[in-house]
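Data block below; observations after.
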Amino acid sequence: MHHMTLAEIARGLADKKFSSEELTQVLLARIAQLDPQLNSFISLTQELALSQAKAADDRRANGETGALLGAPIAHKDLFCTQGIRTSCGSKMLDNFKAPYDATVVARLAAAGTVTLGKTNMDEFAMGSANESSYYGAVKNPWNLEHVPGGSSGGSAAAVAARLLPAATATDTGGSIRQPAAFTNLTGLKPTYGRVSRWGMIAYASSLDQGGPLARTAEDCAILLQGMAGFDPNDSTSIDEPVPDYSASLNGSLQGLRIGVPKEYFSAGLDPRIAELVHNSVKELEKLGAVIKEISLPNMQHAIPAYYVIAPAEASSNLSRFDGVRFGYRCENPENLIDLYKRSRGEGFGAEVQRRIMVGAYALSAGYYDAYYLKAQKIRRLVKNDFMAAFNEVDIILGPTTPNPAWKLGAKNSDPVAEYLEDVYTITANLAGLPGLSMPAGFVDGLPVGVQLLAPYFQEGRLLNVAHQYQLNTDWHTRTPTGF
Ligand code: GLN
């Protein structure tokens, strides 16, 4: 039962082959048995899951239908869940029970999803390895000595290990696509503004975007359908109609213009990954796509710009965690300053403190023009590169990551080495574009992802290309040994 995709579950439930309650019991037992090896959950919500499953079964018995009605999922632990711990992977929020549901959580619950738990993540979504969580590192089910990617590593490891079919995640600089690549999943970062950020604990507000992590493009379409749409509670949410993503999967790729940026194939890319990317290009050519070399000349400036803008926004967003209103408070403060200092010093981990300091520095009066303003100018150049490229091509294709998943601890003493691994993903966040990572092969037994980028609001096109690719390849069906 645990091998089923969301689409298969929907069919099985509709055909009364099993109930949502039965499936939920199976998956909860599987999580109890296998998750100790992975550490992919921060909280389990068994009682909620079983009551939601029963309610979904009742709704089906009363004639209701829907692809998500009775579907078990989990939420990354930065989506607020009413009455349930919402920790953001931090000691700061270890005791925080959200007073309301995030829009994404509420919409998915209304569609009938069953919440199995809250997944582990890098603290405040800062990281590319899922090692900065207060609740410990997450392990990659493909090799337990390797990282699953971050910051949505808990969602990725759990779905890859078949503990559940799909999960929510968020992507500020790659945190859906990069863990998808590292664990052989399909992950979609939507256009900025497509999915509501209301109730999603903010890291860098102009970059953060929620999206689905699943095993197939077909399942990403199903989950995104339940997440996307205008939300008056989020002032950056966009009032555009949500297309039927599942209906977009079957379009022909005949004549589709795919751009492959020459800058992607620089010295930093593992040549074995480059080869797999070329193989995926050949596969898509067979399906009728036309390949064109393009250029994204400002790509080299994207990492430095991102690692100014994201920390700047983080330093502002995280100022609310002061030990006064909510979250961790230090013991026996001597005065107000001592309360602030020790609550934040003890409540935040090292990477979060580093980002707050970098951000506060970049925003300070003497340095704002030199760093923050400059980074914003680069951001515009990165966007302009994409706009020019999309005049010539329909989608852009390349590697999701320059290397496969590294060993746990390998980059702990060198944060910049970890930042450099985001080179292919962060440009989409700077420009606000949608991006998808799909399984495209293996290197040393570790999964490799190919990234597709599209113009604004063309999530359907990304899902279409990935689905057609998945109909003709079987990388996405491979299962990690032991799971
Ligand atoms: N690795 C990037 C960072 O640490 C992106 C993380 C994310 O997308 N949440 O900021």
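If you read the sequence from its start, that first residue is 1, and numbering goes on from there. Both ligands and their constituent atoms are indexed starting at 1 by order of listing.
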side-chain hydrogen bond (donor to acceptor under 3.5 Å, both in side chains) between Thr86 and Lys97, intermediate numbers included = CA-CA 6 Å; Thr86 301; Lys97 286 193 175 147; over 6 Å; no
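In summary, the aromatic rings of Tyr100 and Trp198 are positioned with their centroids under 6.0 Å apart. Between Phe124 and Tyr203, the gap from one ring centroid to the other reaches at least 6.0 Å. Between Phe265 and His278, the distance from one ring center to the other falls under 6.0 angstrom.
For ligand 1, the 4.0 Å heavy-atom shell contains residues Ala125, Met126, Gly127, Ser128, Ser151, Asp171, Thr172, Gly173, Gly174, Ser175, Tyr203, Tyr306, Tyr307, Arg355, Asp422.
Using cut-offs of 30° and 60° for the angle between ring planes, the Phe321 and Phe348 rings count as perpendicular.
Salt bridge present: Asp94 and Arg85 bring a charged side-chain N and a carboxylate O closer than 4.0 Å.
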